[in-house]
Amino acid sequence: MRTSWADSVSNSAAEIAIWDKNSLPRPTRSTYVPPHLRSGSISDLSGPVTGTNGGSRWTGSDGGGTKPELRRQGQANSYATAGRDAAAGGGGGGGGRNNRSGGWDRREREVNPFGNDDKIYDIKQNFSEQENSGINFDAYEDIPVEASGENVPPPVNTFAEIDLGEILNQNIRRCKYVKPTPVQRHAIPIALAGKDLMACAQTGSGKTAAFCFPIISGIMRELYAQRSHVGRTVYPLGLILSPTRELSCQIHDEAKKFSYQTGVKVVVAYGGAPINQQLRELERGVDILVATPGRLVDLLERARVSLQAVRYLALDEADRMLDMGFEPQIRKIVEQMNMPNRGVRQTMLFSATFPREIQRLASDFLSNHIFLAVGRVGPSTDLIVQRVEFVLESDKRSHLMDLLHAQRENGNHGKVSLNLQQALTLVFVETKKGADSLEHWLCMNGFPSTTIHGDRTQQERELALRSFKSGKTPILVATDVAARGLDIPHVAHVVNFDLPNDIDDYVHRIGRTGRAGKTGLATAFFNESNLSLARPLAELMQEASQEVPAWLTHYASRAPYGGNKNRRSGGRFGGSDFRREESIGKNLDYYSGGNSGNAYEGLVDIAGGYAPGVTSAWD
DNA sequence: AAAAAAC
């Protein structure tokens with residue numbers, strides 16, 4: 001039972017004040033409240049805990065030009081700790097809140113995310129290297145990059161140049177990151193400069209880090225960004241949204257590594273799992289919340305989370321988040337839930353694919369953003385070999401069986417490998433029912449498989465993913481729930497048993513292989529029910545220097561024009577800035593476009609005029 | 001038409 005004091009606080013003082021740190025006195029540090037005292041009798045906290053303002057400094061979310069500082073009002077029971085301030089200095093203390101005496105310690109020891117969590121990922125032990133050191137950086141040297149917008153900060157070449165501070169540098173070393181990937185080289189300076197960002201880039205090349213490091217660093221540096229709560233409502237400073245539960249988990253796992261010992265607390269919330277545990281986790285404090293939209297809305301409606309203090313918003317797989325199914329929910333979260341306005345918060349959108357319509361939608365959430373596109377790895381050949389085969393619906397199963405037998409006999413497509421390193425095969429189908437049925441059939445025919453789709457319980461989904469990752473069931477039959485973002489090492493083969501209707505989905509699906517500089521194979525079963533995909537698929541494959549079968553070219557040439565309805569934004573690698581494209585449409589003058597001052601491009605002649613609908617960078 | 005996402 002909450003005390004009346006707490007109730008009155010939550011009624012009257014729930015606002016997060018925004019003020020200018022330069023013109024207002026800095027609040028004195030609030031009293032630390034150890035976790036075991038928090039949910040209990042708050043009234044022990046000697047009433048108003050500090051605060052220099054009278055509590056009337058609420059100014060709404062009008063930025064007034066410069067980015068204002070978001071602050072808790074003083075009179076509530078803020079329990080921000082001193083840890084972050086010291087941690088931001090990067091030196092002396094050698095750690096964040098958790099290392100500090102009087103910190104969270106003892107009761108809540110931060111689990112070392114680099115430590116012995118190999119129960120889940122035990123297959124890694126069987127592979128020769130850590131994942132990240134396996135990245136083939138040479139392949140990244142010459143990739144094309146486009147960045148447009150005002151005052152684009154130049155890219156960096158090393159992590160040292162970025163100056164994220166010693167604690168983050170240690171985590172970078174622990175992650176075995178040697179040097180930043182292309183998306184990191186470009187995106188991190190942009191994000192650190194406080195700019196909004198729309199980025200097309202590969203997930204396999206460290207996209208998560210590209211938005212996590214700036215957010216963590218920003219929260220550490222910001223002396224005024226203190227963790228706070230009012231009653232049972234918590235106020236995260238960073239919010240990361242993703243379209244599937246598994247992807248949210250994955251981002252959370254990574255973010256925990258990046259934030260280790262920084263004192264920045266990352267919590268994940270998603271549906272299908274008991275909410276109580278997530279609530280407890282939130283109550284213990286949250287700086288960065290990683291969530292799927294549905295569960296977040298639930299938490300917001302229960303008033304267990306408020307977005308009022310959000311300073312950093314990141315949407316992963318942003319084009320999916322803004323497509324027809326998700327857009328209303330995202331709009332609700334971003335525009336109708338008290339989140340600071342664009343321009344006040346910093347917004348970062350990441351995806352491999354950014355159709356122009358989605359870019360236009362997304363610009364509602366952005367303020368004078370920089371558009372960044374990082375091209376695919378390698379100039380003409382690719383890490384993913386794509387094959388298309390004409391397979392009648394009725395022949396699909398036996399054809400798959402042939403492939404799997406051949407694969408089994410060849411080992412990993414001819415690669416010399418240990419038994420342990422058996423190739424993982426990811427099979428995409430159209431429907432949940434189809435997934436179950438194919439999985440059952442494969443198992444009956446001697447191919448240990450499992451399946452992941454939205455009709456399975458979350459427990460089943462997570463078990464399936466673990467079983468697949470570990471190699472216990474080296475075949476995973478999946479719907480599009482697994483198409484995006486999931487980083488599953490050692491997927492050697494992606495089979496599009498049923499092709500998707502949207503070429504972007506195809507791009508994301510095949511991107512589950514050929515990750516982190518490794519090679520992969522993607523096989524698609526094409527038949528007359530995929531006619532609308534013929535043209536974009538043929539174009540995509542041609543662009544990626546893949547062998548396009550004559551019959552596919554034939555279908556493509558006869559395909560109805562509507563096959564291009566999901567028209568991509570043009571440009572040869574991952575799309576280009578729709579603002580620029582629209583200005584081209586108006587006056588054909590490339591560089592006089594209103595929004596694209598000071599653009600730079602690397603290594604690619606953007607003005608070359610590529611057909612719309614062609615692009616080849618994947619997430 | 002299907003998939004995903006809350007209870």
Side-chain angles (χ1 to χ4, degrees), chain A residues 239-252 267-279 281-282 289-305 307 315-334 336-337 351 353 358 393 426-439 451-462 464-465 476-486 496-509 512 525 527-533 562-563 565-566 619:
Chain A
L239 177 64
I240 300 170
L241 295 175
S242 93
T244 66
R245 299 163 181 174
E246 285 77 13
L247 186 51
S248 281
C249 286
Q250 180 181 302
I251 295 166
H252 175 240
V267 175
V268 66
Y270 55 88
I275 201 170
N276 282 336
Q277 199 179 330
Q278 293 172 8
L279 288 174
E281 201 58 43
L282 287 167
L289 178 59
V290 185
T292 48
R295 178 53 61 90
L296 176 61
V297 168
D298 190 3
L299 292 168
L300 292 167
E301 284 170 354
R302 292 172 189 234
R304 298 300 294 261
V305 171
L307 301 180
L315 301 193
D316 202 5
E317 307 299 340
D319 62 331
R320 163 65 84 231
M321 303 300 278
L322 293 171
D323 79 7
M324 289 207 318
F326 269 122
E327 197 223 348
Q329 238 174 341
I330 300 301
R331 227 171 244 292
K332 177 172 182 177
I333 291 168
V334 177
Q336 293 157 32
M337 285 296 192
S351 181
T353 50
I358 301 285
E393 211 59 42
L426 181 50
V427 182
F428 282 103
V429 297
E430 191 68 16
T431 65
K432 297 179 275 200
K433 207 174 130 212
D436 279 335
S437 143
L438 182 59
E439 178 240 16
T451 182
I452 185 166
H453 60 71
D455 272 355
R456 306 201 80 195
T457 66
Q458 192 54 27
Q459 218 172 9
E460 288 170 328
R461 284 165 58 158
E462 283 165 23
L465 203 51
L476 179 65
V477 183
T479 60
D480 268 331
V481 69
R484 285 171 173 262
L486 290 189
N496 273 292
F497 189 89
D498 301 319
L499 275 164
N501 296 318
D502 186 334
I503 190 68
D504 284 350
D505 291 332
Y506 174 83
V507 167
H508 284 274
R509 284 179 177 188
R512 296 317 97 210
F525 295 175
N527 61 39
E528 262 112 0
S529 56
N530 309 116
L531 289 183
S532 69
L533 202 66
K565 75 174 183 349
N566 285 309
D619 75 292

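Excluded from the calculations below are hydrogen atoms, water molecules and symmetry mates; all remaining heavy atoms, backbone and side chain alike, are included.
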Please work out if [X] contacts a base, only the sugar-phosphate, or nothing of the nucleic acid, heavy-atom cut-off 4.0 Å.
X        : answer
A:Gly271 : sugar-phosphate
A:Asp298 : base
A:Val481 : sugar-phosphate
A:Arg302 : nothing

Could you state the [atom1]-[atom2] distance from [X] to [N], rounded to the nearest angstrom?
X        : N     : atom1 : atom2 : value
A:Lys432 : B:dA1 : NZ    : P     : 15 Å
A:Arg484 : B:dA4 : CZ    : P     : 13 Å
A:Lys433 : B:dA3 : NZ    : P     : 10 Å
A:Asp455 : B:dA6 : CG    : C1'   : 16 Å
A:Asp505 : B:dA3 : CG    : P     : 13 Å
A:His508 : B:dA2 : NE2   : C1'   : 17 Å
A:His453 : B:dA1 : NE2   : P     : 21 Å
A:Phe497 : B:dA2 : CZ    : P     : 18 Å

With sequence neighbours excluded, what pairs up with A:Glu301 under the side chain to side chain donor-acceptor pair (under 3.5 Å) test?
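Expected list: A:Lys332.
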- Message: Restricting to side chain to side chain donor-acceptor pair (under 3.5 Å), what partner residues turn up for A:Thr431, sequence neighbours left out?
- Response: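 With sequence neighbours excluded, A:Thr431 shows a side chain to side chain donor-acceptor pair (under 3.5 Å) to no residue whatsoever.
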Item to check | A:Asp480 and A:His508: side chain donor to acceptor below 3.5 Å | outcome: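 No.
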Verify the distance criterion only: is there a donor paired with an acceptor across the side chains of A:Gln250 and A:Glu246 at less than 3.5 Å?
->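 Checked: A:Gln250/A:Glu246 side chains show no N/O donor-acceptor pair below 3.5 Å.
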### Task
Indicate yes or no for a side-chain donor-acceptor contact from A:Asp436 to the backbone of A:Lys433 under 3.5 Å, with no hydrogens or angles considered.
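Here the side-chain-to-backbone pair does not exist.
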Next on the checklist: Measuring from the side chain of A:Glu430 (C-beta onward, heavy atoms only), which nucleotide among B:dA4, B:dA6, B:dA1 has the closest atom?
Outcome noted: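 Between B:dA4, B:dA6, B:dA1, the one nearest the side chain of A:Glu430 would be B:dA1.
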Looking at B:dA2, I'd like to know if its phosphate oxygens (OP1 or OP2) sit under 4.0 Å from a side-chain N or O belonging to A:Thr479.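 For A:Thr479, the contact criterion (side-chain N or O under 4.0 Å from OP1 or OP2 of B:dA2) is not met.
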Notebook entry, point to check: OP1, OP2 of B:dA3 versus side-chain N and O of A:Arg245: anything below 4.0 Å?
Noted result: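 False: A:Arg245 side-chain N/O out of range (4.0 Å or more) of B:dA3 OP1/OP2.
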| field | Base of B:dA1 paired with side chain of A:Asn501 (donor-acceptor, under 3.5 Å) | value |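 Side chain to base: pair present.
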